[in-house]
Amino acid sequence: MRILIAQDEAFNFIYRANVDALRQIGDVSFFSPLHDKELPQCDLLYLPGGYPELFLDELKANHNICRQINNFVEQGGRVLAECGGFMYLCRDIDGVEMCNVFPFSATMENSRLHLGYREKNGAKGHEFHYSDIKESYELVNIYKNVIAGYTHWYWAETGFETLWSELSKR
């Protein structure tokens, strides 16, 4: 399995143990939504947390990557997105167009800290963010083969496939 992980100034919050767990199931490589012009081929795309709200102009300027991520999703590609990665998959962040996978608007308006541990069907993680989604959303948002939300999941002990299975249960 070819696993592609976003990693740059905007996407830099990731558990090393999760990367190690991914290496147990496939070949891991990295790309930059800020700097790369083409989305490398992959079977699984992982968009971790970070601070996309600090790089809105740069992310918008690299619209080719957003379009390619959207096409990957529409063609059935598997995506796991956490926190900043989830925001990046939204229609926009504070009015600046992003990947438009989810019909949500992320915002930093009236920002306040959201902090705590989360659990869904046995999967465990935590949230730490100041942004919010203007529309109503779930702890785990599923669209096609995309699982996304604010929670940073920890799957080093249970394995990625177990996490995916638990999160995708409705």
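For reference, positions follow the sequence shown, starting with 1. The model shown is predicted, which means the values in this text are computed figures rather than measured ones.
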Practice task
Verify side chain to side chain contact (heavy atoms under 4.5 Å, CB included) between Leu89 and Ile69, making sure each step is shown before the conclusion.
Solution key: CA-CA 9 Å; Leu89 291 182; Ile69 289 172; 3.8 Å; yes
Practice task
Would you check, one step at a time, whether the test side chain to side chain contact (heavy atoms under 4.5 Å, CB included) holds for Phe102 with Val146?
Solution key: CA-CA 10 Å; Phe102 290 101; Val146 178; 3.8 Å; yes
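Taking CE of Met87 as the reference point, atom CG of Asp92 lies at 10.0 Å (rounded to 0.5 Å). With rounding to the nearest 0.5 Å, the separation of OH in Tyr46 from CD1 in Ile14 is 4.5 Å. Distance check: Arg78 CZ to Met1 CE gives 5.0 Å after rounding to the nearest 0.5 Å. To the nearest 0.5 Å, atoms CG (Asn145) and CD (Gln75) are separated by 12.0 Å. Atom CD of Glu74 and atom CZ of Arg67 lie 13.5 Å apart (nearest 0.5 Å). To the nearest 0.5 angstrom, Phe55 atom CZ is 13.5 Å from Asn62 atom CG.
Residues Pro33 and Tyr88 are in side-chain contact: their nearest non-hydrogen atoms beyond the backbone lie under 4.5 Å apart. With a 4.5 Å cut-off on side-chain heavy atoms, Gln24 and Asp20 do not count as touching. At least one side-chain heavy atom of Phe104 sits less than 4.5 Å from a side-chain heavy atom of Asn141. Contact check for Leu22 versus Leu44: side-chain heavy atoms found under the 4.5 Å cut-off. For the pair Tyr51 and Asn12, the minimum side-chain heavy-atom distance is below 4.5 Å.
The two residues Pro48 and Phe11 have their closest heavy-atom pair at O-CD2, 3.4 Å. Between Leu56 and Met98, the shortest heavy-atom contact is CD2-CE, 3.8 Å. A pairwise comparison of heavy atoms in Cys83 and His152 identifies CB-NE2, 3.3 Å as the closest pair. Residue Leu39 comes nearest to Leu45 through the heavy atom pair CD1-CD1, 4.4 Å, listed as atom of the first residue, atom of the second, then distance. Contact detail for Lys37 and Ile65: the closest heavy-atom pair is C-CD1, 3.9 Å. Among all heavy-atom pairs drawn from Cys99 and Asn70, the shortest one is O-ND2, 2.8 Å.
A donor-acceptor pair is defined here as one N or O able to donate and one able to accept, closer than 3.5 Å; such a pair exists between the side chain of Asp36 and the backbone of Ser32. The backbone N or O of Trp153 sits less than 3.5 Å from a side-chain atom of Glu82, completing a donor-acceptor pair. Using a distance-only test at 3.5 Å, with no hydrogens or angles considered, a donor-acceptor pair links the side chain of Asp94 to the main chain of Met108. Remark: the backbone N or O of Tyr154 is not paired with any side-chain donor or acceptor of Asn18 at under 3.5 angstrom. Remark: the backbone N or O of Leu34 is paired with a side-chain donor or acceptor of Asp8 at under 3.5 angstrom.
Of the N and O atoms on the side chains of His63 and Glu97, not one donor lies less than 3.5 Å from an acceptor on the other residue.
Residue Phe30 places its CZ atom among more than 12 non-hydrogen atoms of other residues, nucleotides or ligands, all under 6.0 Å distant.
Classification of Asp27 and Arg2 as a salt-bridged pair fails, no side-chain N sitting under 4.0 Å from a carboxylate O. Between Asp57 and Lys60, no side-chain nitrogen of the basic residue sits less than 4.0 Å from a carboxylate oxygen of the acidic one, so the salt-bridge criterion is not met.
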